[in-house]
Amino acid sequence: MVSNRYHIILASNSPRRKELLTGLDIPFEIRVIDGIDESYPHTLATKEIAGYISKKKADAYRQSMAADELIITADTIVILADQVMGKPKDADEAYKMLHQLSGKTHQVITGVCLTTHDRQVSFSVETDVTFKTLSDEEINYYVEHYKPFDKAGAYGIQEWIGHVGVTGMNGSYFNVMGLPVQRIYEALKTFSE
């Protein structure tokens, strides 16, 4: 079990991340610093981007954290054929992203960083997700009704499109939702030792 040695802070506004961390039955609070720079060097390998950004987010919290706090930062990206698919800016871009993902397998990578005053543990979790060939009607329905503009790759696996479109997965479902809670639980246990 995870001890209560640290006051745990989830540094995210995501309702999905809050829901997932709540499932661990560990008390935590949410704290968000607005305007954190999430840029990354364009020479960085695509599989290292999420980890890099999660550490960058952690650095933004370091100066204001108390001695007994443990900050959890995370970043999730979708990669198709070594191309990063971020959050769509509008319905047209969401439609294009889903059309690209249709009938293919892509990777979802979440980088996580657990930070205290004297220690930092970071890791990335990768999940392969396969979509069936989606019809234009299905893509339009999803974009119109679910407006996935706050989601990397323009979809939430826990929403309608995941129910009807995902035909296979290799790895953590919760990682695709945005937080690999099983790995976080194991990492938090090491802070209790």
Side-chain angles (χ1 to χ4, degrees), residues 10-23 30 32-40 42 44 46-54 56-57 72-113 124-184:
L10 176 62
S12 175
N13 261 333
S14 166
R16 293 164 298 283
R17 286 189 178 136
K18 178 183 177 186
E19 173 190 347
L20 290 169
L21 194 59
T22 298
I30 291 176
V32 177
I33 296 174
D34 291 324
I36 295 175
D37 174 22
E38 295 186 22
S39 63
Y40 54 89
H42 292 290
L44 200 62
T46 52
K47 293 194 175 197
E48 295 174 11
I49 293 169
Y52 178 89
I53 294 173
S54 72
K56 203 170 179 182
K57 288 177 179 178
I72 300 172
T73 53
D75 190 73
T76 302
I77 61 169
V78 170
I79 300 172
L80 177 65
D82 208 40
Q83 177 187 355
V84 176
M85 302 180 93
K87 296 173 183 174
K89 61 181 184 292
D90 56 30
D92 286 342
E93 194 170 48
Y95 175 84
K96 285 176 189 165
M97 284 183 183
L98 289 167
H99 197 268
Q100 285 178 287
L101 294 172
S102 175
K104 298 184 185 92
T105 298
H106 63 276
Q107 291 70 48
V108 178
I109 300 176
T110 301
V112 177
C113 198
S124 291
V125 174
E126 180 176 336
T127 305
D128 291 330
V129 180
T130 303
F131 269 108
K132 72 170 190 163
T133 300
L134 299 163
S135 69
D136 288 347
E137 183 182 18
E138 288 167 332
I139 293 172
N140 285 330
Y141 176 85
Y142 177 67
V143 172
E144 184 179 318
H145 287 84
Y146 289 86
K147 303 186 185 343
F149 311 128
D150 65 334
K151 296 174 176 69
Y155 79 94
I157 194 165
Q158 72 281 6
E159 295 177 338
W160 183 84
I161 199 79
H163 295 274
V164 304
V166 173
T167 60
M169 183 181 323
N170 183 16
S172 167
Y173 173 82
F174 299 118
N175 181 54
V176 182
M177 279 182 70
L179 204 61
V181 284
Q182 189 277 331
R183 281 288 301 277
I184 288 173

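Positions are given from 1, in the same order as the sequence printed here.
Nearest heavy atoms, Ala74 versus Thr110: CB-CG2, 4.3 Å. Residues Tyr142 and Gly156 come closest through the heavy atom pair OH-N, 3.0 Å. Between Pro148 and Pro88 the shortest heavy-atom distance is O-CG, 3.5 Å. Across all their heavy atoms, Ser12 and Ile30 have their closest contact at O-CG2, 3.2 Å. A pairwise comparison of heavy atoms in Glu159 and His163 identifies O-CD2, 2.9 Å as the closest pair. Closest approach of Ile157 to Tyr173, counting heavy atoms only: CG2-CE1, 3.7 Å.
Contact annotation: the side chain of Asp37 never approaches that of Lys57 to less than 4.5 Å [non-hydrogen atoms, C-beta and beyond]. At a threshold of 4.5 Å between non-hydrogen side-chain atoms, the residues Leu80 and Lys104 count as touching. Contact check for Phe174 versus Pro180: no side-chain heavy atoms found under the 4.5 Å cut-off. Considering only heavy atoms from C-beta on, Leu179 comes within 4.5 Å of Ile184 through its side chain. The side-chain heavy atoms of Leu21 and Ile72, taken from C-beta on, include a pair separated by under 4.5 Å. At least one side-chain heavy atom of Met169 sits under 4.5 Å from a side-chain heavy atom of Thr127.
Atom CD in Glu48 sits 8.5 Å away from atom OG in Ser124 (nearest 0.5 Å). Here the CG-CG distance, from Asn140 to Leu134, works out to 11.0 Å after rounding to the nearest 0.5 Å. Arg16 CZ to Lys151 NZ: the interatomic distance, rounded to the nearest 0.5 Å, is 4.0 Å. Put simply, CD1 on Ile49 and CD1 on Ile77 are 4.5 Å apart, with the number rounded to the nearest 0.5 Å. In this structure, CE on Met177 lies 4.5 Å from CD on Gln158, to the nearest 0.5 angstrom.
The number of heavy-atom neighbours closer than 6.0 Å to NZ of Lys96, taken from other residues, nucleotides and ligands shown, is 12 or below. Environment of NZ in Lys87: sparse, with no more than 12 heavy atoms of neighbouring residues, nucleotides or ligands closer than 6.0 Å. At most 12 non-hydrogen atoms from other residues, nucleotides or ligands lie less than 6.0 angstrom from NZ of Lys18.
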Please lay out, stage by stage, how Gln100 and His106 fare under the test side-chain contact (heavy atoms from CB on, under 4.5 Å). CA-CA 10 Å; Gln100 285 178 287; His106 63 276; over 6 Å; no
Verify side-chain contact (heavy atoms from CB on, under 4.5 Å) between Lys56 and Ser39, making sure each step is shown before the conclusion. CA-CA 9 Å; Lys56 203 170 179 182; Ser39 63; 3.1 Å; yes
Evaluate the side-chain contact (heavy atoms from CB on, under 4.5 Å) criterion for residues Thr105 and Val129: first the C-alpha distance (whole Å), next the side-chain angles of each, then the deciding distance (0.1 Å), finally the verdict. CA-CA 5 Å; Thr105 298; Val129 180; over 6 Å; no
Please lay out, stage by stage, how Thr46 and Asp82 fare under the test side chain to side chain donor-acceptor pair (under 3.5 Å). CA-CA 6 Å; Thr46 52; Asp82 208 40; 2.5 Å; yes
Report the C-alpha separation of Thr130 and Val166 in whole Å, then their side-chain angles, then the decisive distance to 0.1 Å, and conclude whether the side-chain contact (heavy atoms from CB on, under 4.5 Å) test is met. CA-CA 6 Å; Thr130 303; Val166 173; over 6 Å; no
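In this structure, Ser102 contributes its side chain and Leu98 its backbone to no donor-acceptor pair below 3.5 Å. No donor-acceptor pair closer than 3.5 Å links the side chain of His99 to the backbone N or O of Tyr95. The backbone N or O of Val108 sits less than 3.5 Å from a side-chain atom of Asn175, completing a donor-acceptor pair.
Tyr146 and Tyr155 have their aromatic ring centers separated by at least 6.0 angstrom.
With no hydrogens or angles considered, no side-chain donor-acceptor pair links Ser54 and Asp75 at under 3.5 Å. At a cut-off of 3.5 Å, with distance as the only test, a side-chain donor of Thr76 or Arg17 sits close to an acceptor on the other residue.
By the side chain to side chain contact (heavy atoms under 4.5 Å, CB included) test, Ser135 is found to be paired with Glu137, Glu138, residues two or more places apart in sequence or in another chain being considered.
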